[in-house]
Amino acid sequence: MATRGADRGVGGVEPQGQERFLAHRITGPFKPTNRQGFDHLLAVDLQDPQMSDGQLRHGVEVTVTGRSNEPGAKLKEIEKVAAVAVVDGRNVPVEIDVRSEEYFETDDLTPAPH
């Protein structure tokens, strides 16, 4: 989930054996006025469509709509959300089941004051 307008985020799904991980995408350099930057990695299950390991290896962009792209609105464990995945150039509806939060950090994207 990365900056793609104020109401949605984008992430990428990567294969790791039978597990699937969703990573928050960070776009552009840090700006002091932008508090949306955060690292977030989740273990997830995806409901429809089935994606091949080859598709996942190249990264599948997933957009969660209807929520702000801020740390306070991040996806949480045991949450189920509707999203849209770009698979072979097509927008495909998917459901994300968040199994666990593997990593979350905001401070590493905020430079120390001078």
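The analysis underlying the following values was restricted to heavy atoms, covering all of them including side chains, and did not include hydrogens, waters or symmetry mates.
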J.: Could you check V94 against Q47 for side-chain contact (heavy atoms from CB on, under 4.5 Å), going step by step and ending with a plain yes or no?
T.: CA-CA 6 Å; V94 296; Q47 307 302 321; over 6 Å; no
J.: If you compare all heavy atoms of P71 against all heavy atoms of F104, which two are closest, and at what distance to 0.1 Å?
T.: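 For P71 versus F104, the nearest heavy atoms are CB-CZ, 3.8 Å.
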J.: Taking E101's backbone N and O only, do any of them form a donor-acceptor pair with E77's side chain (distance below 3.5 Å, no angle check)?
T.: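 Side chain of E77 to backbone of E101: a pair is present.
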J.: Show your working on side-chain contact (heavy atoms from CB on, under 4.5 Å) between K74 and R67 and close with a plain yes or no.
T.: CA-CA 9 Å; K74 68 180 183 168; R67 64 194 306 147; over 6 Å; no
J.: Quick one, M51 with L46, criterion side-chain contact (heavy atoms from CB on, under 4.5 Å). Give me CA distance, side-chain angles, the key distance, then yes/no.
T.: CA-CA 9 Å; M51 292 175 236; L46 295 177; 3.5 Å; yes
J.: Measure the spacing between CD of E19 and CG of D45 and express it to the nearest 0.5 Å.
T.: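 Here the rounded value is 9.5 Å.
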J.: Do I96 and K80 have side-chain heavy atoms sitting under 4.5 Å apart?
T.: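 No, too far: nothing below the 4.5 Å cut-off.
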J.: Any heavy-atom pair between the side chains of V92 and V84 that's under 4.5 Å?
T.: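 No; the side chains remain at least 4.5 Å from each other.
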J.: Would E105 and H40 count as having a side-chain donor-acceptor pair, cut-off 3.5 Å?
T.: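 H40 and E105 do not have a side-chain donor-acceptor pair below 3.5 Å.
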J.: Is any side-chain heavy atom of T63 less than 4.5 Å from a side-chain heavy atom of N91?
T.: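 No, too far: nothing below the 4.5 Å cut-off.
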J.: Is D39 close to Y103 at the side-chain level, that is, under 4.5 Å between some pair of heavy atoms?
T.: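 Y103 reaches D39 side chain to side chain.
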J.: Inspect the contact between R99 and E79 and indicate whether a charged nitrogen and a carboxylate oxygen are less than 4.0 angstrom apart.
T.: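 Salt bridge between E79 and R99, a charged N being under 4.0 Å from a carboxylate O: no.
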J.: Could you walk me through whether L41 and F21 pass the side-chain contact (heavy atoms from CB on, under 4.5 Å) test, one step at a time?
T.: CA-CA 7 Å; L41 180 65; F21 295 93; 3.9 Å; yes
J.: Is V62 reachable from V86 through a run of hydrophobic residues whose side-chain heavy atoms are each under 4.5 Å from the next?
T.: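 Different clusters: V86 never reaches V62 through Ile, Leu, Val, Met, Phe, Trp or Tyr contacts under 4.5 Å.
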J.: Find out whether Q55 and V87 are in side-chain contact, i.e. whether some heavy atom of one side chain is under 4.5 Å from a heavy atom of the other.
T.: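 Yes. Closest side-chain heavy atoms under 4.5 Å.
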J.: Check whether any side-chain heavy atom of V81 sits under 4.5 Å from a side-chain heavy atom of L75, and report yes or no.
T.: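 Yes - at least one pair of side-chain heavy atoms lies under 4.5 Å apart.
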